Every structure is written in structure tokens, then in C-alpha cells.
Amino acid sequence: MKVASLVSRGHALKDPKEQLRVINSETPVLCTLPRFHQLLEQSGLYPLRPTGIEIFQMNLGYMCNMTCKHCHVDAGPDRKEMMSRENLEHCIRAIEQLDAQTVDLTGGAPEMHPDFEWFTERISKPGRKIIVRSNLTILVTNPKYRAFPEFFKKHRMEVTCSLPFYNKFTTDKQRGEGTYDRSVEALLHLNSIGYGMPETGLELNLVYNPAGAFLPADQAALEADFRTNLRRRHGIEFSKLFTITNLPISRYLEFLVQSGNLDAYMQKLVEAYNPSAAAGVMCRNTISVAWNGILYDCDFNQMLEIPVETESSRHIRDFDPEALNARNIIVDQHCFGCTAGAGSSCGGATAKA
């Protein structure tokens, strides 16, 4: 069945406030679950505070060539939101002000932004890591996008890309028919120019999201399985595998509701709460900038439209690292997804389960 964005369907869950209502109080079970801030308090972590902004993460827009079932961004070809040149300029100033050592470019498909190359060239410098989060399939569409791997290499960008599994059935089930074959083609091309290969320094990382209502398996064990199977089946090499827990928001929340798994999944997240994972959540060292310039504690709060607490620095044009580093991080029930088991972040597991 073809998937369309919640926005294009006019679905009730397109409204972030409705998503928050559902995960907090849709059923009697959800109403009685412990609140996330209560467990943080028991762990001595409330209020949750930044440890210092190390990662400057930007969502360049929600436009994407794919419409994946689990997408927490609700991205797709029908989404037209794109970061303006003005906000990109504000981001450049903030990056220089912060002297950010890591800039993380997300979407949608960030490569589809018309200023992607211009922006990358403006912020690229020795010692600065630029991460592009690619869905892989975009790199084997038209000639413009097929040229991007060489552009990535020129600027020594770290390529982090989604691959739900090392077989066709699971990957296509989650991300659409033909996804696996196109992903393999893109990975082989990236390997051919040095990405993921020993001694090149060109990082090619894979991201695993579970295809159902369950938590990721051990990251190290999964990485070994992926490496063995992709190498044996296709001769593909990669640098690292990141496991990311699906958070109960957007299209994944729709799946949980439709499949009758919402109560059980939320219970699973709460019961798997790990204080060590909570101490290492990505919102503590990351700031997230939306396509419209609004600042968020993390990418997930961005999708739920929960901006940073700091009113004086709530938009990228007013970027103030000192004020942002002094803020309290806003939390809600979806945050259990980042603290369950071994934890979850844009860089994978954050602790031992």
C-alpha cells in the first residue's frame, strides 16, 4: 500500500498537540504510566540540563523522495517546507559564533534543498565534521543527485544513511518497494569512491530502525550481523551501525494506534528506562534548528513543535549559546524512546542496557 504523509491526508495526527495528547492520555493505561520527568527526578537528572552544545543539527526541510512508514518527520514528496536562504545565513553565523565542530544536516532528504551545495561549501573547513543524513535512494535517481557522492567526498562529509535491514523483504516493507535494491546500488557506489573503506577516513554509517513495535537489539551484535551479511551478499563495507529506537510520534505513532500496539509499546519503553541512557541523551549536547529557524532541544521536540525554553533565543537569528547552555530541556512521554534499554540518539545507542 502506498504511504502518504499525515499532512497530505489531513490526518488528525498531523497536529503535534494531538500526538502529545494521544501518547499521554489516549487510553487508561497511558494515563497511569509514570511521567518521564518523574523517572528523571528519581535518577537525579531533573531538570535535565545541557552539557554544552557540541552538535549543531539542522533540518533543511521536510521534502523527500520517499514516504517511509516509520518516518517521525512525516516527510515526503508532497511536503514543501524548505529552509530559506535568510535562515541558512543565520545558521552560518551561529555555526561560526559557536565554532561548531559537528554540523548535522537532516531532512526529509537534505540533498533536495536547492542551496545544499552552496551551504556546505560555506561551512566546510578543516577539522569540522559535516554529517549528511541520506536515505540512499536519492543518490541513484537523476544525474544531479547521482553526482552528490563525489561532492560528499570533496568535503569529506560523513554519510549516515538509513537501511532498516540487510534483506530486501524487511527493508521494502518499511520503506517501499525497490528501496533495498536502490540502497545497495548507492552503497556500492559510495564504496567505490572510498566511503566505508579502511584507511580512507571517509565514514559511511548505517542506521537501523526496528520494523515493528519492539526495541532494537544490541547495537554491537546487530552491526556484526549487518557487516557479515552485506559483505557476503553484495561486497558492501561500512564504518559503523547505529541503532535508533522508533519514537511514538508522527507516522510511527499512527502505526502503533492502527495496529493496537500503543499501550504495550509505551509500557515497554517505560519499563526499559535506563538512568545511564538518560544521562547521555542527545538533547544535552545538541541544538536542533527547524526549517523555519525555530530552535528545539532535539529533532523529536521539533516534530512535536516544542521549542526551547529560552524565549530570548528561540529563533536562529537570536542565537545565544550562553543562554541556550543555561536552559532547562523540555521533556514529555515521547522521551522514553531515547532512554529505553541501551538508549537512542542520532549517533545510536548511548549506554549499556
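Here the structure is a predicted model, which is why all the values come from computation and not from measurement. In this chain, residues are counted from 1 in sequence order.
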Can you tell me if [X] has over 12 outside heavy atoms packed within less than 6.0 Å of its [atom1]?
| X | atom1 | answer |
| --- | --- | --- |
| K173 | NZ | no |
| K144 | NZ | yes |
| E177 | CD | no |

Check whether [X] reaches the backbone of [Y] with its side chain - one donor and one acceptor, N or O, closer than 3.5 Å.
| X | Y | value |
| --- | --- | --- |
| N301 | I330 | yes |
| R133 | P110 | no |
| T141 | I138 | yes |
| N205 | S239 | no |
| T200 | G194 | yes |
| D115 | W118 | no |
| T310 | S313 | no |
| Q333 | P248 | no |
| H70 | L247 | no |
| N229 | N167 | no |

Query raised in the report: When hydrophobic residues are tied together by side-chain contacts of less than 4.5 Å, even through go-betweens, does L40 share a cluster with L20?
Result: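 L40 and L20: one cluster.
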
Using a strict cut-off of less than 4.0 Å between a Lys/Arg side-chain nitrogen and an Asp/Glu carboxylate oxygen, indicate whether [X] and [Y] qualify as a salt bridge.
| X | Y | answer |
| --- | --- | --- |
| E96 | R122 | no |
| E223 | K240 | no |
| E18 | R21 | yes |

Distance-only side-chain donor-acceptor flag, [X] / [Y], under 3.5 Å:
| X | Y | value |
| --- | --- | --- |
| D299 | T106 | no |
| S5 | S8 | yes |
| H90 | D318 | no |
| Y273 | S43 | yes |
| H155 | S124 | yes |
| N285 | T51 | no |
| R35 | N24 | yes |
| E111 | S134 | yes |

Query raised in the report: Should V103 and I95 be marked as a side chain to side chain contact (heavy atoms under 4.5 Å, CB included) after you check the CA-CA gap, both sets of side-chain angles, and the distance that decides it?
Result: CA-CA 8 Å; V103 180; I95 290 166; 4.0 Å; yes

Student check: side-chain heavy atoms of [X] and [Y] closer than 4.5 Å:
| X | Y | result |
| --- | --- | --- |
| F319 | L324 | yes |
| I236 | R231 | no |
| V22 | V257 | yes |
| I287 | I53 | yes |
| T350 | M282 | no |
| V281 | S345 | no |

Any chance you could measure [X], atom [atom1], to [Y], atom [atom2], to the nearest 0.5 Å?
| X | Y | atom1 | atom2 | value |
| --- | --- | --- | --- | --- |
| T179 | N135 | OG1 | CG | 8.5 Å |
| F238 | L190 | CZ | CG | 13.5 Å |
| Q19 | K17 | CD | NZ | 11.5 Å |
| M83 | H113 | CE | NE2 | 7.0 Å |
| L256 | L262 | CG | CG | 5.5 Å |
| I249 | L304 | CD1 | CG | 4.5 Å |

Requested in this report: Begin from the C-alpha positions of L206 and Y166 and carry the test side chain to side chain contact (heavy atoms under 4.5 Å, CB included) through to its verdict.
Outcome: CA-CA 11 Å; L206 305 183; Y166 48 74; over 6 Å; no

**Report entry** Intermediate values then yes/no, ring pair (Phe, Tyr, Trp, His ring centres under 6.0 Å), F214 and Y265
**Finding:** CA-CA 7 Å; F214 51 88; Y265 190 70; 8.8 Å; no

Indicate the ring-plane relationship of [X] and [Y], choosing parallel, tilted or perpendicular according to the 30° and 60° boundaries.
| X | Y | result |
| --- | --- | --- |
| Y252 | F255 | tilted |
| F148 | F116 | perpendicular |
| W291 | Y62 | perpendicular |

Of the non-hydrogen atoms in [X] and [Y], which two are nearest, and what is the gap between them?
| X | Y | answer |
| --- | --- | --- |
| T171 | F165 | OG1-O, 3.1 Å |
| G108 | C64 | CA-CB, 3.9 Å |
| Y208 | P164 | CD1-O, 2.9 Å |

Query - Worked check of side chain to side chain contact (heavy atoms under 4.5 Å, CB included) between C346 and Q57 - result: CA-CA 10 Å; C346 289; Q57 187 176 71; 3.4 Å; yes

Query raised in the report: Restricting to pairs with a member in residues 172-202, which pass ring pair (Phe, Tyr, Trp, His ring centres under 6.0 Å), not counting sequence neighbours?
Result: Y180-H234

Query - Criterion salt bridge (Lys or Arg N to Asp or Glu O under 4.0 Å) on D99 and K125, from CA distance to verdict - result: CA-CA 11 Å; D99 193 22; K125 74 171 190 178; 3.0 Å; yes

Query - Working for salt bridge (Lys or Arg N to Asp or Glu O under 4.0 Å), residues R251 and E254 - result: CA-CA 5 Å; R251 291 206 291 266; E254 179 190 27; 6.0 Å; no

**Report entry** Option from T243, T245, N246 for which side-chain hydrogen bond (donor to acceptor under 3.5 Å, both in side chains) with N209 holds
**Finding:**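 Only one of T243, T245, N246 forms a side-chain hydrogen bond (donor to acceptor under 3.5 Å, both in side chains) with N209, namely N246.
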
Query raised in the report: What's the verdict on salt bridge (Lys or Arg N to Asp or Glu O under 4.0 Å) for E150 and K154, showing C-alpha distance, side-chain angles and the deciding distance?
Result: CA-CA 6 Å; E150 291 289 353; K154 175 184 176 183; over 6 Å; no

Report task. Return each pair, listed once, that meets salt bridge (charged side-chain N to carboxylate O under 4.0 Å, His left out) where at least one residue sits in residues 274-297; pairs must be two or more places apart or across chains. Result ->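 Residue pairs with at least one partner in residues 274-297: D297-R327.
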
Report task. Assess whether side chain to side chain contact (heavy atoms under 4.5 Å, CB included) is satisfied between L187 and C161, documenting all intermediate values. Result -> CA-CA 9 Å; L187 287 169; C161 42; 4.2 Å; yes

**Report entry** Close aromatic pair by centroid cut-off 6.0 Å: H334 and F300
**Finding:** no

